[in-house]
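A short write-up of the structure that comes next.
Proteins come first, then strands; the chains are lettered A, B, ... in the order of their sequence lines, and each starts at number 1.
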Protein chains: 2
Amino acid sequence: MSLLPKRKRYDCAPGCPVEATLDLIGGKWKGVILYHLLDETIRFNTLSRRLGSITQRMLAKQLRELEAAGLIRRVVFAEVPPRVEYSLSPDGESLRPVILALKAWGETRLAMLSQQAAE
Amino acid sequence: MSLLPKRKRYDCAPGCPVEATLDLIGGKWKGVILYHLLDETIRFNTLSRRLGSITQRMLAKQLRELEAAGLIRRVVFAEVPPRVEYSLSPDGESLRPVILALKAWGETRLAMLSQQAAE
DNA sequence: CAGTATCCACCTAGATACTG
DNA sequence: CAGTATCTAGGTGGATACTG
C-alpha cells in the first residue's frame, strides 16, 4: 500500500520530488512541529505551549497526519494523568537536513529583513 | 518597510525561521516554480506547460507573490507577441540549497514508496 | 493531561471565459 | 503570448466548549 495521497498524481516531472516533500512538511504547522521534535521527545501540552498560538484541535490533527505519513512516533503511557510523547521516527529523522536548511535560510532572511527595517 | 506579512507575528521562537521559510515557498506551487527556475529563465507559457496542471490564474498569482517576496525577477520585452521572462533573483538564488534539499529528500521517499508498493 | 465535538470564517485553488 | 475577470467547491485553520 502506498502512503501517497490517492488524489495526487505527481506527474509534473521533474518537479515532483519537491512537491512531494512540500506536501508532507508544508502547511502552517508541520514544519515547525518537526523542527521542535528534532532534538527532543515532547508531550502534547508542551508542544502546544511551544507553538504558542495553535489550537488543540489543530495540533491533534497535524500530529495525526505526521504520524500517518510515518514521520513521527506517538507513544502512550498508561498512567493517570495520561502521558503521550511524540518523537521523530527514523523517516522523520531523515528530514533533519531539510528542516535545518529551512531554518538556516529563514534565519538569514529574518536577519536581513530586520536589518533593512532598521535603516 | 518590512516584507513580512503584517498579520504574522513569528513569535513562536525558536521555530520561527522554519515557519518564515515555509510561508514563502510552501503552498502547492511556489517550491516547484522555484525549482524549475533554478537553472533557466523561463517564459510564462513554458512554465505553465512544465507545471502541467496549473491554471493561468494560479500561475500568475504565484509569480506575483514570488516577485513581491523578492525571490524572482520578471522581465517584460516590448515585442509583439509579448514576451515575459521569469528568473531567480539573487535572493531566490540563495534558496537553491533549500530547494535541492527538498528535492533530494522527495526523490528518496518516492523511490522508497514505489519500492514498498512493488513488494 | 490529552485530547473530541461543533461550528464557522477565510483562503486556496480550480473551471471557465475573455482580452491587450 | 501573457495575462485578467468571475464564480465556486473544498480545504485549512480558528473559537469555543466539553471529556475519559
Side-chain angles (χ1 to χ4, degrees), chain A residues 5-12 15 19 22-33 36-37 40-69 72-87, chain B residues 5-12 15 19 22-33 36-37 40-69 72-87:
Chain A
K6 275 74 190 171
R7 61 195 173 78
K8 289 283 176 56
R9 287 159 52 232
Y10 295 112
D11 56 355
C12 66
E19 187 179 356
L22 249 15
D23 257 8
L24 290 179
I25 69 171
K28 184 163 177 180
W29 300 110
K30 292 205 180 79
V32 185
I33 291 173
H36 280 277
L37 292 178
E40 314 172 67
T41 287
I42 314 187
R43 300 175 62 168
F44 186 90
N45 274 4
T46 308
L47 209 37
S48 179
R49 260 175 263 115
R50 298 234 183 133
L51 297 177
S53 58
I54 197 171
T55 61
Q56 286 181 312
R57 168 189 144 80
M58 277 310 297
L59 181 54
K61 186 165 174 270
Q62 302 302 309
L63 289 171
R64 295 294 165 277
E65 291 174 10
L66 287 170
E67 195 190 358
I72 65 172
R73 251 194 225 116
R74 179 173 180 266
V75 180
V76 182
F77 293 82
E79 303 174 0
V80 178
R83 180 156 59 110
V84 178
E85 291 189 344
Y86 294 93
S87 59
Chain B
K6 274 73 189 172
R7 61 197 171 78
K8 290 282 175 61
R9 288 159 52 229
Y10 296 110
D11 56 355
C12 64
E19 186 179 357
L22 249 14
D23 257 8
L24 292 179
I25 69 171
K28 183 164 179 179
W29 300 109
K30 294 205 180 81
V32 185
I33 292 173
H36 280 276
L37 292 178
E40 314 171 66
T41 287
I42 314 186
R43 299 175 64 169
F44 187 88
N45 274 2
T46 307
L47 209 37
S48 180
R49 260 174 264 115
R50 299 232 182 136
L51 297 178
S53 59
I54 195 170
T55 61
Q56 287 182 312
R57 168 189 143 81
M58 277 310 297
L59 181 54
K61 187 165 171 271
Q62 302 302 309
L63 289 170
R64 296 291 166 278
E65 291 173 11
L66 287 170
E67 194 189 0
I72 65 173
R73 253 195 222 114
R74 178 174 180 268
V75 180
V76 183
F77 293 81
E79 304 173 1
V80 177
R83 179 155 59 110
V84 179
E85 292 188 342
Y86 293 93
S87 59

For D:dG14, does OP1 or OP2 lie under 4.0 Å from any side-chain N or O of A:K28?
-> yes
Interatomic distance, A:I33 CD1 vs D:dT12 C1' [rounded to whole Å] | 14 Å
Listed nucleotide nearest any side-chain atom of B:Q56, set C:dA2, D:dA2, C:dG14 | D:dA2
Would you check if A:L63 and A:R74 make a side-chain contact, meaning some heavy-atom pair closer than 4.5 Å?
-> no
Would you indicate which nucleotide in D:dC1, D:dG14, C:dA2 comes nearest to any side-chain atom of B:N45?
-> D:dC1
Minimum side-chain heavy-atom gap A:E85-A:R73 below 4.5 Å = no
Rounded distance in Å - CG (A:L51) to C1' (D:dG13) = 14 Å
Provide, to the nearest angstrom, the distance between the CE atom belonging to A:M58 and the P atom belonging to D:dG14.
-> 6 Å
With both distances under 3.5 Å as the test, what is the Watson-Crick or G-U wobble partner of C:dA2?
-> D:dT19
Roughly how many Å is it from CG in A:L47 to C1' in C:dC1, rounded to a whole number?
-> 14 Å
Please work out if A:Q62 contacts a base, only the sugar-phosphate, or nothing of the nucleic acid, heavy-atom cut-off 4.0 Å.
-> sugar-phosphate
Partners meeting side chain to side chain contact (heavy atoms under 4.5 Å, CB included) with A:R49 (sequence neighbours left out) = A:N45, A:T46
What's the closest nucleotide to the A:P82 side chain, out of D:dG20, D:dC1, D:dG14?
-> D:dG20
Considering only C:dA15, C:dC1, D:dG3, which nucleotide approaches the side chain of A:P81 most closely?
-> C:dC1
Rounded to whole Å, NZ of A:K61 lies from C1' of C:dT6 at a distance of 15 Å
Could you pick out which residue, A:R49 or B:E65, lies toward the 5' side of DNA chain C when each is mapped onto its nearest nucleotide?
-> A:R49
D:dA2 OP1/OP2 closer than 4.0 Å to side-chain N/O of B:R43 = yes
Does any non-hydrogen side-chain atom of A:L22 lie less than 4.5 Å from one of B:V32?
-> no
Atom-pair distance (CG on A:L63; P on D:dG13), nearest Å = 13 Å
In whole angstrom, give the distance that lies between atom CZ of B:R50 and atom P of D:dA2.
-> 13 Å
Phosphate-side-chain proximity, B:Y86 and D:dC1, N/O vs OP1/OP2 below 4.0 Å = no
For A:R64 and C:dT4, give me the distance from atom CZ to atom C1', rounded to whole Å.
-> 10 Å
Looking for any heavy atom pair under 4.0 Å, which part of the strands does B:F77 touch: base, sugar-phosphate only, or nothing?
-> nothing
Heavy-atom pair of closest approach, residues A:W29 and A:M58 | CD1-CE, 4.0 Å
Does the D:dG3 base have a donor-acceptor partner in the side chain of B:R57 within less than 3.5 Å?
-> no
